[in-house]
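Below is one structure, written out as structure tokens, with a few remarks after it.
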Amino acid sequence: MTTDTTGTVARDGESRPGGPADSPFIRACRRRPGPHTPVWFMRQAGRSLPEYREIRATVPMLESCRRPELVTEITLQPVRRHGVDAAILFSDIVVPVAAAGVDLDIVPGTGPVVAEPIRTAADVERIRPITRDDVWYVDEAVRQLVVELGDTPLIGFAGAPFTLASYLVEGGPSRTHAKTKALMFGDEELWHALCGRLAEVTLAFLRVQIDAGVSAVQLFDSWAGALSEADYRRFVLPHSTAVLSGLVDAGVPRIHFGVGTAELLGAMGEAGADVVGVDWRTPLDVATGRIGPDKAVQGNLDPCVLLAPWPVVEAEVRRILEQGRAAPGHVFNLGHGVLPETDPDVLTRVVALVHELSSRRADQG
């Protein structure tokens, strides 16, 4: 008998009924039939909710990520309000690199800003390995959330090595990733040393979350779409693979997501995830053809559609559900994160609509 870290006990790989492991979300990730298509939203933990803004009004972002009671409350808010099929841990992709000794801050209106961008091998050496003690607040928050959520799965997450490296090399967000690519092309040895170190930090961070009880993990490679497929395969894929393959024995589904990755979907599918997230630019049936028949897909409503009149939203939800039928498993989501100006009531209506339409389809066989 082995322990299934999604919260139930498994024998010969089969989970007992009940609990997060038997939820519609986990079933879809594992390409198993369920009662309806599960739905959650990237950046649902806060972002558009007034109750989130009230909490965050006087608390800086990094501090809020380091206070378990705030992490727990913010993570639960969209589950209470929208009835989504999974919660995602409230955190930020730079939390583990800050814990690893990188001097950075999350500046309102800008994003992560790094005090001393990476330029040399000595800079890379300053990124130290992390342990549970370095991110104890994440461990504690996950344990609290698992109890509060009951049968609702909790998704842990981390930033992929390329996206983290881009922030560290650029010193902050970038539209062109010029400094990142200059280092990548100009000093390949240093580039791989940096990404290798970040892969170790990311893997350790995800392990902490899994050991604390998350039911699935998502690896965000938000900026990977800035690369060609050849460059992705050469400079990025080995390090994403190191993270995802390092979790193969963890017993939880692994989701891999990037933005602007239409030409990279096949390569991303090779990195070792069980589910590949698709942004709004690629129809899900087309994406499935590129990723292959052995992966579930996640996505992919354009977040801006949520600002349109309801008939437009409903038509798009129907289209995505229909195209998602081409995949062996489909988790309904946005093609990127919830926009701050989104009406929360629209998100609630989308969840209800996805459940209604997909439940009806399941009943019809």
Side-chain angles (χ1 to χ4, degrees), residues 1-42 79 84-89 142 146 149-158 206-207 209-220 240-241 243-257 265 268-278 284-285 287-300 320-321 323-333 354-355 358-359 361-362 365:
M1 180 176 290
T2 59
T3 300
D4 182 336
T5 54
T6 53
T8 61
V9 175
R11 184 188 300 273
D12 300 327
E14 289 297 323
S15 299
R16 285 198 318 217
D22 199 41
S23 65
F25 169 72
I26 296 298
R27 294 181 73 89
C29 289
R30 297 207 182 281
R31 308 185 307 281
R32 295 165 57 196
H36 59 257
T37 299
V39 52
W40 69 278
F41 305 110
M42 286 182 281
V79 180
V84 287
D85 292 286
I88 185 164
L89 180 71
V142 170
V146 168
L149 286 164
D151 290 346
T152 301
L154 175 64
I155 305 167
F157 76 91
L206 290 173
R207 279 284 183 184
Q209 296 174 63
I210 291 168
D211 291 344
V214 299
S215 296
V217 292
Q218 177 157 308
L219 189 66
F220 284 87
S240 295
T241 300
V243 175
L244 292 167
S245 64
L247 299 173
V248 71
D249 64 339
V252 302
R254 298 153 294 167
I255 309 168
H256 197 18
F257 172 75
L265 288 172
M268 291 180 70
E270 296 171 18
D274 305 288
V275 185
V276 177
V278 183
L284 290 181
D285 50 354
T288 295
R290 296 177 182 178
I291 296 165
D294 61 338
K295 311 285 183 186
V297 297
Q298 180 175 278
N300 65 340
I320 289 164
L321 284 173
Q323 292 173 344
R325 296 180 68 181
H330 177 209
V331 176
F332 191 98
N333 206 311
V354 170
H355 287 171
S358 56
S359 298
R361 190 177 69 214

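Please read these numbers as outputs of a predicted model, since none were measured by experiment.
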Verify, without hydrogens or angle tests, whether His330 (side chain) and Gly299 (backbone) share a donor-acceptor contact under 3.5 angstrom.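 Between the backbone of Gly299 and the side chain of His330 there is a qualifying donor-acceptor contact (under 3.5 Å).
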Do the side chain of Ser358 and the main chain of Thr37 share a donor and acceptor less than 3.5 angstrom apart?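 Looks like yes, one N/O pair under 3.5 Å.
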Looking at [atom1] of [X] and [atom2] of [Y], how far apart are the two atoms once the value is rounded to the nearest 0.5 Å?
X	Y	atom1	atom2	result
Phe25	Arg30	CZ	CZ	10.0 Å
Arg290	Asp285	CZ	CG	10.5 Å
Asp85	Ser23	CG	OG	7.5 Å
Phe157	Ile88	CZ	CD1	5.5 Å
Ile320	Leu284	CD1	CG	6.5 Å

Walk me through whether Gln323 and Thr288 qualify under side chain to side chain contact (heavy atoms under 4.5 Å, CB included). CA-CA 9 Å; Gln323 292 173 344; Thr288 295; over 6 Å; no
Residues in salt bridge (Lys or Arg N to Asp or Glu O under 4.0 Å) with Arg27, at least two apart?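 Salt bridge (Lys or Arg N to Asp or Glu O under 4.0 Å) check on Arg27 returns Asp22.
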Please enumerate all residues that pass salt bridge (Lys or Arg N to Asp or Glu O under 4.0 Å) together with Asp249, with sequence neighbours excluded.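 Scan of Asp249 (salt bridge (Lys or Arg N to Asp or Glu O under 4.0 Å), adjacent residues dropped) gives Arg207.
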Could you work out, with side chain to side chain contact (heavy atoms under 4.5 Å, CB included) as the rule, every residue matching [X], not counting sequence neighbours?
X	result
Asn333	Trp40, Phe41, Met42, Gln298
Ala271	Leu237, Ser240, Thr241, Leu244, His256
Ala296	Arg31, Val275

Derivation of the side chain to side chain contact (heavy atoms under 4.5 Å, CB included) call for Leu247 and Val252: CA-CA 8 Å; Leu247 299 173; Val252 302; 5.9 Å; no
Ignoring hydrogens, what is the shortest heavy-atom contact between [X] and [Y]? Give both atom names and the distance.
X	Y	answer
Ala212	Val142	CB-CG1, 3.5 Å
Ala327	Val297	CB-CG2, 3.6 Å
Met268	Phe257	CE-C, 3.8 Å
Pro153	Ile26	CG-CG1, 4.2 Å
Ala250	Ile210	CB-CD1, 3.8 Å
Asn300	Val278	CB-O, 2.9 Å

Is any side-chain heavy atom of Val243 closer than 4.5 Å to a side-chain heavy atom of Leu206?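 Yes - at least one pair of side-chain heavy atoms lies under 4.5 Å apart.
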Exactly one of Asp274, Val331, Ile155 should register a side chain to side chain contact (heavy atoms under 4.5 Å, CB included) with Cys29. Which one does?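 The option that passes is Val331.
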